[in-house]
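Take a look at the structure below.
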Amino acid sequence: MRVLEDDLFPSTPGKVKIERAGTMNRQLHRCFASTSTMFLWALFLVAMTASYLSFQSFVDTSSKYFAASWGGLHWERQIRASAAPRRPPGSADGAGMSVLVTGAAGFVGTHCSLALRKRGDGVVGIDNFNAYYDPSLKKARKALLSSHGVFVIEGDINDGRLLAKLFDVVPFTHVLHLAAQAGVRYAMENPASYVHSNIAGLVTLLEACKDADPQPAIVWASSSSVYGLNDKVPFSERDRTDQPASLYAATKKAGEEITHTYNHIYGLSITGLRFFTVYGPWGRPDMAYFSFTRNILQGKPITVYRGKDHVDLARDFTYIDDIVKGCLGSLDTAGKSTGTGGKKRGPAAYRIFNLGNTSPVTVPNLVSILEKHLRVKAKKNVVEMPGNGDVPFTHANISLAREQLGYKPTTNLDVGLKKFVKWYLSYYGYTRGSKNFRQ
Ligand SMILES: O=C(O)[C@H]1O[C@H](OP(=O)(O)OP(=O)(O)OC[C@H]2O[C@@H](n3ccc(=O)[nH]c3=O)[C@H](O)[C@@H]2O)[C@H](O)[C@@H](O)[C@@H]1O
């Protein structure tokens, strides 16, 4: 027993401690005097451990639940209010639609959501606010939408549970699917992000749409890049699109095939829109017109790519307001999906349209227009186009969209860039030499 006491208090053996040890020992002996008391203690310890573990798992589950940015009665009320059409009763064009806009805090998503809301349609947005480019611009677009009564959920189109819940809460008539990993050249840096958003995300969304009752009609963003190495101009929807020049283009082309299968098997009404280099206020900072503007104003050089044999690159730059008209025209003319309970009940529309401007402009010309509106000369580094997925030119034939959607672009690059520059200067608050520059 002496040895045990020494083991319990090995450092400074002394009277007081030994006395304490002795007292404790007596108490221990009293406590564990009988086997039944020991059994009760053991039982008590087991019970304590079990309740601790179950408490931990409760804390885990509930923290996950509370951390989720969606769900709950208040959230559902916000969704329903935002999704409710507000067209005056008896409007010539019906009761209005309820549209789920994916990528709503993106460039095209914001403009389309606002336009839909302004004409009285119900709109709910979803966006994952990823950091591909400055998320504060996306937050500012969200704030703009919110000030017009459009609710944007922070969530990913890969989240099937969230999508199912949304379709549970609201019988959306249409989905305007604009969420995507955009950008042609970034695909070499981060290929997985293109598969994640443009393939996996698309399929998750289509699954939710085909399961929804009623099934919505879907209008979604494809890209002019699907024409790839096609050199027949202008690009028509009937031209070949099996020679993509970038992984981005390949994922958009895959999207066209994937949506076709959902149309064929489940009766989803599908409209794919091939956008041609869309630009304008609230645009994407990764695009050339935007980054050129930033660099020119900061006195930094810009890199201008040039094609083979010193041929200038050209794009069929299309102004955002024209694209918005094309998107709304597509929603208005999309026939209904025909399936229910995941089963097709009849054929549904499958359409693809070019939405371009039909007047390509060279990149050096784009720079000259920017210089004029910014009143600053650019420092240009002209280099040969690297083999990074770019195509030398794009040019849309828009007859099909004109015939079927009444699509008619009206803004040329000069006018459109003037509006962009005006917005840019007001948004970033830049004056030359000032430090008040937020990028
Ligand atoms: O219409 C489309 O399908 C595509 O349009 C744009 O892609 P892109 O036309 O390559 O637009 P920018 O990245 O703005 O490039 C425009 C032109 O500027 C050139 N460029 C770009 C960047 C740069 O630093 N220098 C430069 O000369 C490009 O080679 C291209 O000819 C978008 O980024 C894609 O998301 C979209 O799908």
Side-chain angles (χ1 to χ4, degrees), residues 103 106-109 132-133 178-190 193-194 197-198 220-230 234-235 241 244-256 272-280 283-296 300-308 310-320 322-323 326 352-358 360-370 378-396 398 409 413 416-417 420:
F107 170 35
V108 181
Y132 168 59
Y133 62 80
L178 302 169
Q181 176 58 61
V184 174
R185 289 161 292 278
Y186 181 65
M188 289 180 72
E189 265 175 64
N190 189 357
S193 66
Y194 290 80
S197 295
N198 305 357
W220 74 285
S222 182
S223 161
S224 72
S225 65
V226 300
Y227 290 107
L229 306 180
N230 176 43
F235 300 165
T241 51
S246 65
L247 180 68
Y248 168 69
T251 60
K252 285 295 181 181
K253 177 62 189 166
E256 293 186 355
L273 301 175
R274 294 176 178 166
F275 294 159
F276 282 70
T277 315
V278 189
Y279 72 99
R284 273 173 36 208
D286 62 312
M287 289 184 67
Y289 74 95
F290 202 120
S291 64
F292 286 175
T293 300
R294 181 180 55 215
N295 282 14
I296 291 171
K300 291 183 182 164
I302 60 171
T303 305
V304 176
Y305 300 138
R306 194 165 55 189
K308 276 197 190 116
H310 292 225
V311 175
D312 290 331
L313 303 182
R315 286 289 181 275
D316 198 2
F317 295 101
T318 310
Y319 190 63
I320 183 66
D322 291 324
I323 289 291
I352 288 198
F353 296 109
N354 285 342
L355 292 186
N357 193 50
T358 63
V361 175
T362 65
V363 177
N365 245 332
L366 162 82
V367 176
S368 306
I369 300 172
L370 282 176
K379 293 175 187 155
K380 285 177 269 185
N381 280 333
V382 181
V383 304
E384 186 135 327
M385 179 174 87
N388 55 8
D390 244 334
V391 292
F393 62 87
T394 61
H395 182 180
I398 56 163
L413 190 62
L417 282 180
F420 166 72

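This structure is a prediction, so every number in the text was calculated from the model and none was measured. Whatever order the structure lists ligands and atoms in, that order sets their numbers, starting from 1.
- Under a 4.0 Å criterion applied to the non-hydrogen atoms of Phe275, ligand 1 contributes the atoms 1 (O), 2 (C), 3 (O).
- Of the protein's heavy atoms, Tyr248 OH, 2.6 Å lies nearest to atom 37 (O) of ligand 1.
- Across every non-hydrogen atom of Met385 and Tyr305, the tightest pair is CA-CB, 4.0 Å.
- Between Val363 and ligand 1, no N or O atom pair is found at a separation short of 3.5 Å.
- Every N/O-N/O distance between Asp286 and ligand 1 stays at or above 3.5 Å.
- Scanning all protein heavy atoms for the shortest distance to atom 33 (O) of ligand 1 gives Arg284 NH2, 2.9 Å.
- For the residue pair Thr362 / Asp312, no side-chain donor-acceptor distance below 3.5 Å is found, with atom types taken as modelled.
- Residue contacts with ligand 1, taken as heavy atom pairs separated by less than 4.0 Å, involve Thr277 via backbone and side-chain atoms alike.
- Considering only non-hydrogen protein atoms, atom 2 (C) of ligand 1 sits nearest to Ser224 OG, 3.2 Å.
- The shortest contact between atom 6 (C) of ligand 1 and any protein heavy atom is with Met287 CE, 3.7 Å.
- Met287 and Val278 make their closest contact through CE-O, 3.4 Å (heavy atoms, listed as atom of the first residue, atom of the second, distance).
- Under the 3.5 Å distance criterion, with hydrogens and angles disregarded, no donor-acceptor pair is assigned to the side chains of Asp286 and Tyr186.
- Thr303 O, 3.5 Å is the protein heavy atom nearest to atom 23 (C) of ligand 1.
- No donor-acceptor distance shorter than 3.5 angstrom exists from the side chain of Lys252 to the backbone of Ala182, with no hydrogens or angles considered.
- Of all heavy-atom pairs between Asn295 and Pro301, the closest is ND2-O, 3.1 Å.
- The distance from ligand 1 to the heavy atoms of Val304 drops below 4.0 Å at these ligand atoms: 27 (O).
- Of the heavy atoms in Lys252, none comes closer than 4.0 Å to ligand 1.
- Contacts between Tyr305 and ligand 1 below 4.0 angstrom, taking non-hydrogen atoms only, involve backbone and side chain alike.
- Asp316 places a side-chain N or O within donor-acceptor distance of the main-chain N or O of Ala396, the cut-off being under 3.5 Å.
- Counting atoms of ligand 1 from 1 in the listed order, those under 4.0 Å from a heavy atom of Ala182 are 35 (O).
- Using a 4.0 Å cut-off between heavy atoms, Arg315 contacts ligand 1 through its side chain alone, with no backbone atom that close.
- For ligand 1, the atoms sitting less than 4.0 Å from at least one non-hydrogen atom of Asp390 are 10 (O), 28 (C), 29 (O), numbered in the order shown with element in parentheses.
- The protein heavy-atom contact nearest to atom 3 (O) of ligand 1 is Ser223 OG, 2.5 Å.
- In terms of modelled atom types and a separation under 3.5 Å, the side chain of Asn198 and the main chain of Gln181 share a donor-acceptor contact.
- In this structure, Tyr194 and Tyr248 have perpendicular ring planes: the angle between them is above 60°, well past the 30° mark.
- Summarising the geometry of Tyr289 relative to Leu370, their closest heavy-atom pair is O-CD1, 3.7 Å, with the distance given to 0.1 Å.
- Interatomic distance, CG of Asn354 versus NE2 of His395, reported as 10.0 Å (0.5 Å rounding).
- Annotation for ligand 1: atoms under 4.0 Å from non-hydrogen atoms of Leu313 are 29 (O), 31 (O).
- The single protein non-hydrogen atom nearest to atom 13 (O) of ligand 1 is Arg185 NH2, 2.4 Å, given as residue, atom name and distance.
- Tyr279 has its ring centre no less than 6.0 Å from the ring centre of Phe420.
- Contacts between Phe292 and ligand 1 below 4.0 angstrom, taking non-hydrogen atoms only, involve the side chain exclusively.
- By the 3.5 Å distance cut-off applied to N or O atoms, Val184 is not counted among the residues near ligand 1.
- Residue contact check: Ser225 has heavy atoms under 4.0 Å from atoms 3 (O) of ligand 1.
- The CG atom of Leu273 sits 5.0 Å away from atom CG of Leu355, with the distance rounded to the nearest 0.5 Å.
- For ligand 1, one of its N or O atoms has an N or O atom of Ala288 under 3.5 Å away.
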